[in-house]
Enquirer: 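Submitted below is the structure of interest, expressed as structure tokens.
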Protein chains: 2
Amino acid sequence: MTIQQRATLDDVARLAGVSAKTVSRVYSHRDQVAPDTVDRVLNAAKRLRFRPNTLAQNLRRGGGSSTVGFIMGEMLNPFYSTVAAGIERELADHGFTLIVATTGDSVEGEERVADTLLAQRVGALLLIPVGEDQSYLEGERQLGTPVIAIDRPARNLVADSVVLANRQGAHAAAAALVGHGHRRIAYVCNPASAYTQSERVAGYRAALREAGVDGSGRWERLLDDPAIPPDEVVRELLSHPEPPTAIIAGNNRMCIGALRAIRDLDDPPALIGFDDFDTADILGVTVVGHDPLEMGRQAARLTIERMQQPTGFTTQLELPTHLIPRGSGERAPVT
Amino acid sequence: MTIQQRATLDDVARLAGVSAKTVSRVYSHRDQVAPDTVDRVLNAAKRLRFRPNTLAQNLRRGGGSSTVGFIMGEMLNPFYSTVAAGIERELADHGFTLIVATTGDSVEGEERVADTLLAQRVGALLLIPVGEDQSYLEGERQLGTPVIAIDRPARNLVADSVVLANRQGAHAAAAALVGHGHRRIAYVCNPASAYTQSERVAGYRAALREAGVDGSGRWERLLDDPAIPPDEVVRELLSHPEPPTAIIAGNNRMCIGALRAIRDLDDPPALIGFDDFDTADILGVTVVGHDPLEMGRQAARLTIERMQQPTGFTTQLELPTHLIPRGSGERAPVT
DNA sequence: AGCACCGATGTCAGCGTTGTCTTGTTCTGT
DNA sequence: ACAGAACAAGACAACGCTGACATCGGTGCT
């Protein structure tokens, strides 16, 4: 026998000799059903290859309570894809499915895909904010859709957020470099507009100030032009008449760019990157590490909590960062 | 004014003084509507912050024709997340949304998440097969859901597939090593059960055979125990009384493991990895490269094609691989 | 015996859309 | 001036499911 049509509750009900509602009850476990009725229903369902229609369930229940949307800039950066992995795992553990959408790191993209996801009636929205303003989500939030910001807090919007201890991590990196005798310490990043970078820069500056080291900004390179290759920024920096003896790279891309720029140098500057990466141990790169998988999990956990019992309050979760010494950050200054 | 309720077609219709169907027409662009009616409707919709309910649309149209499901083993491997990125981009370009689900690389997981996605009535299913048998999807396929296998062909199931030129890539790697004078060439991978690995091993063996080099399998390590760390496999191999002078690593993980194992050796063996990775150029690692982003895009393109006009035929797409020499694979054998 | 109660099931309407069919109005050609 | 097309818009049912309410036979208690 071949099934030609997708089976519905009614089909199963007819075959089992009960009403559609009873079949519904068997699947939703909310109501008592006699054991042998359950058997009859399940047998009929198996025979017909019945699968409850989540679409219809969600429509009926008013809102796609079983799906969660995640808006990210792009999936190619391992940091983001690891966060996504954490979200997906946690959601799956709780029976939710994840819809992902990328914005191409553009502000219009963000609003556009948010619209698409909300049209799908996702039960909650996770996002890594790109723009300076997420107020366009305010209406939706008031309608009861939890919004959770990841990596950066949302702007002009009441929303929970899960971020890293950026300031503290950068502070630790700069302080360590000072401790190794460095006085000309650079901070490079591109793009630099995001919240994360301004926090990290703040931590870096604070550490220099506390140590009484030149914090004039001469060795800061805070760019905002995706067209400039990371290694070029570092090369320019090092061609300075009085080049820095140590470099802090604002993120994984910048760090790898810096590695490209300094690999053939006789006396490479010390280097500390932000974000750990796969081959950092092999390359001996000191980094400010953290746990992006856990970040995703925490965010998802918070999301589920908010979907299950909405509150007026919002939480700001900050996950720790810690310095992982691997050699490149422990080089003494060369004069 | 604050909206308390999500607006529906009817709400918009009432405010615009037309019928719900007319509002529907305005949004679906399938039917003629008078220009000034369109204006009235759009104004009303904007005032009410109306967003068409995709859930209801998909239910009504019979099947979630606007969503596509993607089943992958795990998102942490950059190869897979890059494929996912390619899929997402291509789908988004065509107005589809992507639901991702991971199986934790387990066979039961695969069937379980497939079920979840099909319950969501996805319009098509993309998957990286894990198990030896995807016949459980046959019924669904007959109901008209296109199924597209990525990286490995589906087993016991009529499905399109997009794979790499694995055999040819491994052949090229082995042949190159032979060309550099190597005679004891190892192939290591873990897990080894997958289609990709058997193809690669076949290519490797063929190249050895053609060159008249020892193909006894003495230097093959085809494991299937995720608990064994990749670097350990390589260490064991090198502790052999007559160790290989060159190693081909079956995938990115194995390659990085091999790097860990050989980095402190005075005379490291030549190394060629399968799959390119972020810092491979810095580490000077020769790899068999390919384009996972494009792989995702092609798969998504094929998916869309199949959703729009189903055919009885299936395509097997094979994407090229090419050797990228960066030094580690060009080392001469040390005796 | 009478009544409240409970457990197991059924009936019905409606979630927000859209396909099909119908109605009414305006335009075209002879 | 009038048939027939072309257009604009509405009425209604249905997609698959579940919440609210109704029904019915059986228990337990007074």
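Residue numbering restarts at 1 for every chain, and letters A, B, ... go by the order of the sequence lines.
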Enquirer: Measure from CZ on A/R6 to P on D/dA14 and round the result to the nearest Å.
Expert: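 It works out to 21 Å between those atoms.
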Enquirer: When we call it a touch if two heavy atoms are under 4.0 Å apart, what does B/S28 touch: a base, just sugar-phosphate, or nothing?
Expert: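 No contact.
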Enquirer: Once you round it to whole Å, what is the distance between P of C/dA8 and CZ of A/R40?
Expert: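 The answer, rounded to whole Å, is 14 Å.
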Enquirer: Between A/T37 and B/D31, name the one whose nearest nucleotide on DNA chain C is closer to the 5' end.
Expert: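 Whichever sits nearer the 5' end wins; that is A/T37.
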Enquirer: Rounded to whole Å, please give me the gap between CG in A/L9 and C1' in C/dT9.
Expert: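 So the CG-C1' distance, A/L9 to C/dT9, works out to 15 Å.
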Enquirer: Using a heavy-atom cut-off of under 4.0 Å over every strand shown, decide if B/D10 touches base, sugar-phosphate, or nothing.
Expert: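 B/D10: base contact, heavy atoms under 4.0 Å.
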Enquirer: Taking NZ, NE, NH1 and NH2 as the nitrogens, is one of them in A/D11 or A/R14 under 4.0 Å from a carboxylate oxygen of the other?
Expert: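 The answer is yes: the pair qualifies as a salt bridge.
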Enquirer: Quick one: do B/V41 and B/F50 satisfy side-chain contact (heavy atoms from CB on, under 4.5 Å)? Show the steps, please.
Expert: CA-CA 10 Å; B/V41 167; B/F50 170 72; over 6 Å; no
Enquirer: Toward the 5' end of DNA chain D, which comes first, B/V33 or B/R61, by nearest nucleotide?
Expert: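 Result: B/V33.
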Enquirer: May I have the distance from A/K21 (atom NZ) to C/dA13 (atom P), rounded to whole angstrom?
Expert: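 Between P of C/dA13 and NZ of A/K21: 15 Å.
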Enquirer: If I take atom CD in residue B/Q5 and atom P in nucleotide C/dC15, what distance separates them, rounded to the nearest angstrom?
Expert: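 In whole Å, C/dC15 P and B/Q5 CD are 11 Å from each other.
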Enquirer: On the nucleotide C/dT17, are OP1 or OP2 found under 4.0 Å from the side-chain N or O atoms that B/Q57 carries?
Expert: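 Indeed not, no polar side-chain atom of B/Q57 lies that close.
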Enquirer: C/dA8 P sits how many Å from A/D39 CG, rounded?
Expert: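 These atoms are roughly 14 Å apart.
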Enquirer: Would you mind reading off the distance between B/Q120 atom CD and D/dC17 atom P, rounded to a whole angstrom?
Expert: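 Answer to the nearest Å: 13 Å.
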Enquirer: Respond yes when some side-chain nitrogen or oxygen of B/T22 is under 4.0 Å from OP1 or OP2 of D/dA8, and no when none is.
Expert: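 It does not, given that no N or O in the side chain of B/T22 lies less than 4.0 Å from OP1 or OP2 of D/dA8.
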Enquirer: Any N or O donor-acceptor pair under 3.5 Å from the base of C/dG10 to the side chain of A/R25?
Expert: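 Per atom types, the contact qualifies.
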Enquirer: State, without any angle test, whether A/Q298 and A/E90 hold a side-chain donor-acceptor pair at a distance under 3.5 Å.
Expert: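 Short answer, no.
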Enquirer: So, does A/Q32 get its side chain near the phosphate of C/dG7, meaning an N or O under 4.0 Å from OP1 or OP2?
Expert: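 It does not, given that no N or O in the side chain of A/Q32 lies less than 4.0 Å from OP1 or OP2 of C/dG7.
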Enquirer: Touch check for A/S19, heavy atoms < 4.0 angstrom, all strands: base, sugar-phosphate only, or nothing?
Expert: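 Base contact.
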Enquirer: Determine: side-chain N/O of A/T8 to OP1/OP2 of D/dC15, distance under 4.0 Å, yes or no.
Expert: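 Checking D/dC15 against A/T8, no side-chain N or O comes under 4.0 Å of OP1 or OP2.
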Enquirer: Can you measure B/D11 atom CG to C/dG16 atom C1' for me and round it to whole angstrom units?
Expert: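 Whole-Å distance recorded here is 10 Å.
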Enquirer: Is the closest basic N to carboxylate O distance between B/E132 and B/R152 below 4.0 Å?
Expert: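 Salt bridge flag = no for B/R152 with B/E132.
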Enquirer: For the side chain of A/L59, counting heavy atoms from C-beta on, which of D/dG10, C/dG16, D/dC17 is nearest?
Expert: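 Output: C/dG16.
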Enquirer: At under 4.0 Å between heavy atoms, what does A/F50 touch on the DNA or RNA strands: base, sugar-phosphate, or nothing?
Expert: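 It contacts sugar-phosphate atoms only.
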Enquirer: Between D/dC17, C/dT9, C/dT17, which nucleotide gets closest to the side-chain atoms of B/N53?
Expert: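 Per side-chain heavy atoms of B/N53, the pick is C/dT17.
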Enquirer: Is any side-chain heavy atom of A/R6 closer than 4.5 Å to one of B/T145?
Expert: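 Touching, per the 4.5 Å side-chain cut-off.
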Enquirer: Would you say the side chains of A/S24 and A/R30 form a donor-acceptor pair under 3.5 Å?
Expert: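 Judged by distance alone, the side chains do not pair up.
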